[in-house]
Structure formats: C-alpha cells, structure tokens
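Shown next, in structure tokens, is the structure this report addresses.
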Amino acid sequence: MMSKTVKELLVNIKNVESVGSTEISVTNLCIDSRTVTAGSLYAAVKGTQVDGHNFIQSAIEKGARVILCQELPQNILENITYLKTENTTVTLGQISVNFFDHAIDDLIVVGCTGTNGKTTVTTLLFDLFSHLGYKCGLISTVEYRIGKDIYPSTHTTPDVISLHKLFAEMSHQGCTHVFMEVSSHALDQDRIAGINFAGAVFTNITHDHLDYHITFDNYIKAKKKFFDLLTDDAFSVTNKDDKNGLVMLQNTKSIRYTYSLKGTADFNVKIIESDFGGMLLRFGTTDIWTPLVGNFNASNLLAVYATAKLLTQGDEEIEVAMSALGRVNGRFEAIAGPNSRTAIIDYAHTPDALENVIKTIQHIRQGHSNLITVVGCGGNRDSAKRPEMGSIASRMSERCLFTSDNPRNEDPNQIIEEMMVGVSPENSRKVLKITDRAEAIRTAVLLSQPGDVILIAGKGHETYQDIKGVKHPFDDRIIVTEEFKHIK
C-alpha cells in the first residue's frame with residue numbers, strides 16, 4: 001500500500017494553507033466520498049452537477065484523514081488535516097504527482113484535442129510507436145492500453161487521480177510513451193493538472209458539446225487552454241486547414257508546427273489514389289499505402305506523421321512503420337456485402353464529421369450507386385446539432401433513415417423529430433423514421449441495390465445502446481453483417 005505524509009504530498013506546491021498536522025500519512029486519494037477508505041485524502045471538487053464540499057463530513061465518517069478544499073468547513077476537527085487551495089483539481093493534480101512518486105516524469109506524454117479525429121490520431125500514434133519498438137500507453141474514448149493489455153475506457157479523459165494512477169502503472173510496466181485524448185470537458189475541469197506534456201496535437205473544431213460549453217467561443221477557449229498550458233520545451237502541431245487551427249497557437253510557449261492538405265505548412269501530404277480499400281499517400285517523396293479512407297483520415301495520418309517525426313527527430317523508419325498501420329475500430333470501417341454492396345460504420349456524431357464521411361463516400365463510389373444513410377443523435381447531449389445532422393443526411397444521401405442512437409434519458413422519437421426540423425420539404429420524401437436501430441439497419445439493407453453504399457453513423461466502435469441508464473448489447477457491425485446474409 002502506498003503511503004505519503006501530507007508534508008511529502010505538498011513538496012513544491014505553493015499557495016496551500018494547511019490546518020492541522022502535516023505528518024499525517026495518506027494511503028489513498030479520492031474525489032468521490034463513496035470511495036473513501038481509512039487514511040484517505042478527500043478532495044472536495046466543485047463539479048458541474050455536485051459540490052464535493054457538501055460531502056466532507058461523509059468522507060470523514062468513512063475514514064478520510066485529510067481534506068483538500070477551496071472553502072474550509074465551519075466545523076474544524078482536531079484530528080483532521082485541512083488543506084485549503086484556490087483550485088482543488090489543479091492542486092490535486094500536483095499532489096497526485098507526488099503521491100505516485102513522479103511516475104509521470106518517466107513518460108513522454110503527447111495529447112491530442114479536437115472535435116473529430118482524436119481517437120484515430122492517438123490510436124495510430126500508439127500503433128506506430130509500438131511498431132517502432134517502444135512500449136506505449138494509450139488513453140482514448142475506445143479503450144485504455146498498457147502495452148498489449150487492454151482496459152475498458154470510462155471517459156475520453158479520466159479524472160485527475162485516475163489519470164495519474166494510470167501513468168504510474170504505465171511507468172511501472174516499462175512504458176516510454178503515452179498518447180492520450182484530451183477532451184474539452186477535461187480541459188475546462190483541469191483534469192490534466194500535473195501533466196508535463198511533451199507535445200500537443202490539434203485536429204479541428206466544429207459544432208459539438210454546446211450543451212456543456214453553451215457557446216462556441218467557450219468551446220474554442222477550452223481547446224486553446226491546452227496549448228496555453230504547454231511549456232517552452234514542448235511542441236505543438238496544429239491543423240492549418242481548420243480556420244481555428246492557428247488560434248490554438250496564439251499564446252503558447254511551445255515550439256509551433258503546422259500541417260495541411262491544402263496549402264503551405266511544415267508538414268504536407270498528397271492523396272494519389274483512393275477507394276473503399278484505402279489510399280495511396282505521398283509524404284514528401286515517399287508513397288505510403290493505408291487502409292484508411294478520406295481527406296479527414298489523410299489529415300489525421302499527417303498529424304501522426306508530423307508528431308512522430310518531431311518525437312524521433314525524423315526517424316527514417318517512420319514511413320515503413322506507417323505503411324503497417326491498420327484501420328481504427330469503428331472509424332470508416334468498410335464491410336463488404338453481396339453484389340458489391342458496401343456498409344460503412346463510422347462514429348460520426350457531429351455535423352462536420354457526418355458531412356466529411358458522406359463527401360468521402362460520394363468521391364469514391366462508382367456509377368449510379370446510391371447512398372443510404374442510417375443516423376441518429378445522442379440523448380442528453382448537444383441538441384442544437386440535431387437539425388443540422390438531419391439536414392446534412394437528407395441533403396447528401398439518396399435515402400436516409402433517422403433512428404435511435406444512444407437516447408439515454410430522452411425520448412428517441414422526440415430526438416428524431418428534432419432532426420426532422422432541419423430537413424427541407426423537397427428532401428423529406430427521402431427520409432424514413434424508424435426508432436428501432438436494428439430495424440432501421442435491416443430496412444436500409446432491404447432498400448439497397450447492388451453497388452449501393454449504406455452508411456451507419458453515430459456509434460462506430462460502441463457495442464451497446466444506452467437507454468434510460470441501461471447499456472443494452474448492440475453492435476452496428478454485427479447487425480449489418482447478419483442482414484447482408486439474407487440478401488442475394
């Protein structure tokens with residue numbers, strides 16, 4: 001069992017007022033009072049839904065000996081040590097570094113932020129550096145990895161204690177590099193406190209998470225915060241093709257680099273060939289074949305290439321390793337059907353991502369084939385994007401089926417009606433409303449003709465449907481594969 005005195009936990013941490021003994025030993029760090037055990041430090045975090053200060057007494061009753069807080073409670077107990085700070089989460093990140101013996105100092109950590117592409121970029125970086133012979137860690141929406149070991153993902157970016165605990169385990173198991181997604185929620189809530197990033201990547205920013213950030217400007221500021229926090233020995237790599245790409249670099253102390261498919265930048269790539277099987281890309285004078293498809297994936301691969309070059313000082317083996325990279329689970333995943341039918345499974349759950357996927361399909365598909373799109377929108381999430389998603393799907397597809405995604409605690413029929421608000425009268429005839437997602441996929445397959453493409457968007461890698469707090473087993477890939485078996 002790990003144990004540190006309060007005095008040891010506060011080494012090199014400023015602006016903390018202590019009340020009580022600093023010789024008390026701490027054996028556990030908690031932000032959830034329900035997980036407190038004897039000897040814990042309980043951090044009272046002011047969250048978006050709940051204020052942890054309201055649970056200080058409960059934490060003490062369960063055995064917490066140290067309380068980290070922004071406001072001291074009225075009743076100060078003699079046998080408890082209180083640590084008052086301006087920002088609980090930021091200080092907790094620094095305390096976590098000390099608690100886990102500075103394990104993060106042994107790791108080269110690169111973070112990726114953006115609306116779309118985070119999972120692809122981080123996963124490909126993990127795979128690439130594994131190919132190059134490094135033992136790596138991965139923290140992503142899909143899963144967490146330590147070398148070859150895979151663990152279920154709980155959040156895109158975990159809470160600050162869980163993060164540092166993961167880093168400690170990665171260090172213990174001999175990892176040298178960690179590639180992680182950095183969400184706007186995590187940035188706004190200071191969950192990356194205590195991490196000294198070696199580099200940061202920005203992919204793009206489009207309409208998403210406004211249920212949380214309220215305004216697009218707040219969303220941009222949350223992403224930009226990542227680059228503002230970088231030190232002068234870190235590097236930043238930004239997508240120059242995104243209109244807010246250079247905004248990310250405005251106040252950063254880091255060494256700045258850009259990448260682009262369209263114009264002059266530090267790193268460029270050109271698409272030579274493209275079909276549903278993959279792309280031939282040219283990086284400088286080197287051609288690389290990849291099973292990934294679409295301009296957006298060419299951009300993601302370029303971000304990976306740029307980051308790898310910067311981390312390895314231009315290792316010539318990068319090009320060889322990149323040619324060995326496979327697809328990313330649930331990202332433009334093509335499934336062959338009978339008579340040249342193709343299903344595309346993609347996580348696209350924002351307007352921009354959906355439009356990019358459809359544009360890619362339109363560019364590749366042959367002859368008179370039709371595009372049939374199956375799409376829904378998640379419940380208890382940014383509802384403002386629903387009409388826009390409906391507009392894009394109905395306008396850019398020959399047929400589309402509006403269905404349930406993860407309705408969570410909302411009525412899926414109401415979500416579909418909100419998507420219909422964006423559908424013009426001339427496109428409404430293209431739309432079928434089928435709430436049952438399996439039935440919607442089945443109908444799309446039955447409507448398809450030889451050569452048609454069926455896009456099933458929104459869930460990608462997910463193997464469940466979240467309905468009223470219960471995760472029911474559901475996998476788009478399994479459903480469409482089974483339905484293809486019934487088509488001649």
Side-chain angles (χ1 to χ4, degrees), residues 87 89-90 93-94 97 104 107-122 124-125 139-141 155-158 160 163 167 177-210 212-213 215-261 263-268 296 299-311 350 352:
N87 186 314
T89 309
V90 170
Q94 298 165 333
V97 172
I104 194 168
L107 304 168
I108 297 170
V109 184
V110 175
C112 179
T113 196
T115 305
N116 304 310
K118 297 188 298 296
T119 300
T120 298
V121 170
T122 52
L124 291 177
L125 279 167
I139 300 171
S140 82
T141 302
H155 295 79
T156 297
T157 311
V160 65
L163 260 180
F167 291 139
H177 294 70
V178 178
F179 303 102
M180 64 177 287
E181 296 186 44
V182 180
S183 70
S184 58
H185 292 70
L187 287 161
D188 187 63
Q189 296 167 15
D190 298 308
R191 285 186 236 155
I192 60 169
I195 305 173
N196 186 23
F197 285 91
V201 181
F202 172 77
T203 57
N204 51 64
I205 189 164
T206 60
H207 189 135
D208 200 15
H209 301 308
L210 298 194
Y212 177 88
H213 296 289
T215 68
F216 191 60
D217 187 53
N218 287 341
Y219 184 35
I220 292 173
K221 287 178 180 176
K223 296 290 189 187
K224 185 177 179 298
K225 182 178 180 180
F226 185 25
F227 297 87
D228 293 347
L229 291 170
L230 295 174
T231 56
D232 57 9
D233 58 346
F235 66 81
S236 52
V237 180
T238 193
N239 183 1
K240 199 175 178 182
D241 295 335
D242 187 282
K243 63 182 179 181
N244 288 296
L246 294 179
V247 172
M248 299 295 144
L249 306 184
Q250 285 178 352
N251 302 108
T252 186
K253 297 176 183 176
S254 62
I255 306 167
R256 311 171 190 190
Y257 298 91
T258 59
Y259 65 96
S260 171
L261 269 67
T264 304
D266 296 304
F267 297 92
N268 293 95
F296 60 96
S299 183
N300 291 334
L301 280 163
L302 182 56
V304 170
Y305 177 81
T307 303
K309 285 289 187 183
L310 294 170
L311 284 175
T350 66
D352 184 67

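For the numbers below, each heavy atom of this structure counts, side chains included, while hydrogens, waters and symmetry mates do not.
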Can you check whether F197 and F226 have ring centres sitting under 6.0 Å from each other?
yes
Applying side-chain contact (heavy atoms from CB on, under 4.5 Å), run through K225 and D190 and close with a yes or a no.
CA-CA 10 Å; K225 182 178 180 180; D190 298 308; 2.7 Å; yes
Is the backbone of N204 close enough, under 3.5 Å, to the side chain of N244 for a donor and an acceptor to pair up by distance?
no
What are the two closest heavy atoms between S254 and T252, and how far apart are they?
OG-OG1, 2.7 Å
Can you list the residues that meet the side chain to side chain contact (heavy atoms under 4.5 Å, CB included) rule with A308, with sequence neighbours excluded?
L128, F129, I318
Atom CD1 of I104 and atom CD1 of I195: how far apart are they, to the nearest 0.5 Å?
5.0 Å
Please evaluate residues Q250 and V247 with respect to the criterion side-chain contact (heavy atoms from CB on, under 4.5 Å), reporting the C-alpha separation (whole Å), side-chain torsions for both, the decisive distance (0.1 Å), and the verdict.
CA-CA 5 Å; Q250 285 178 352; V247 172; 4.1 Å; yes
Identify the heavy atoms of S184 and A222 that sit nearest to each other, and give their distance.
O-CB, 4.0 Å
Which residue is it: V121, N116, T122, T119? I am looking for the one with a side chain to side chain contact (heavy atoms under 4.5 Å, CB included) to N300.
V121
Taking the side chain as every heavy atom from C-beta outward, state whether T115 and D352 have any pair of such atoms under 4.5 Å apart.
no
Close side-chain approach of I220 and M248, heavy atoms under 4.5 Å:
yes
Rounded to the nearest 0.5 Å, what separation is found between the CG atom of L310 and the CD1 atom of I255?
8.5 Å
Assess whether atom NZ of K221 is packed by more than 12 heavy atoms of other residues, nucleotides or ligands within 6.0 Å.
no
Side chain to side chain contact (heavy atoms under 4.5 Å, CB included) partner of F202, the single match among V237, T238, V182:
T238
Looking only at non-hydrogen atoms, find the nearest pair between V97 and G194 and report the distance.
CG2-O, 3.4 Å
If a pair satisfies salt bridge (Lys or Arg N to Asp or Glu O under 4.0 Å) and one of its residues is in residues 226-245, list it, with sequence neighbours excluded.
K224-D228
Looking only at heavy atoms, what is the nearest atom pair of R191 and S183, with distance?
NH1-OG, 4.4 Å
Side chain to side chain, F227 and T113, heavy atoms closer than 4.5 Å
yes
Parallel, tilted or perpendicular: which fits the ring planes of F267 and Y257, with parallel below 30° and perpendicular above 60°?
tilted
Are the side chains of F235 and T307 in contact, using a 4.5 Å heavy-atom criterion?
yes
Donor on one side chain, acceptor on other, Q189 and T89, under 3.5 Å:
no
Is any side-chain heavy atom of Y259 closer than 4.5 Å to one of S299?
yes
Can you tell me how far NE2 of H155 sits from CD1 of I139, rounded to the nearest 0.5 angstrom?
13.5 Å
To the nearest 0.5 Å, atom CZ of F296 lies from atom CG of N239 at 13.5 Å
Do T157 and L187 come within less than 4.5 Å of each other through their side chains, counting heavy atoms only?
no
L246/T258 under side-chain contact (heavy atoms from CB on, under 4.5 Å): CA gap, chis, key distance, verdict
CA-CA 8 Å; L246 294 179; T258 59; 3.9 Å; yes
Looking at side-chain heavy atoms only, is the closest gap between T203 and K223 below 4.5 Å?
no
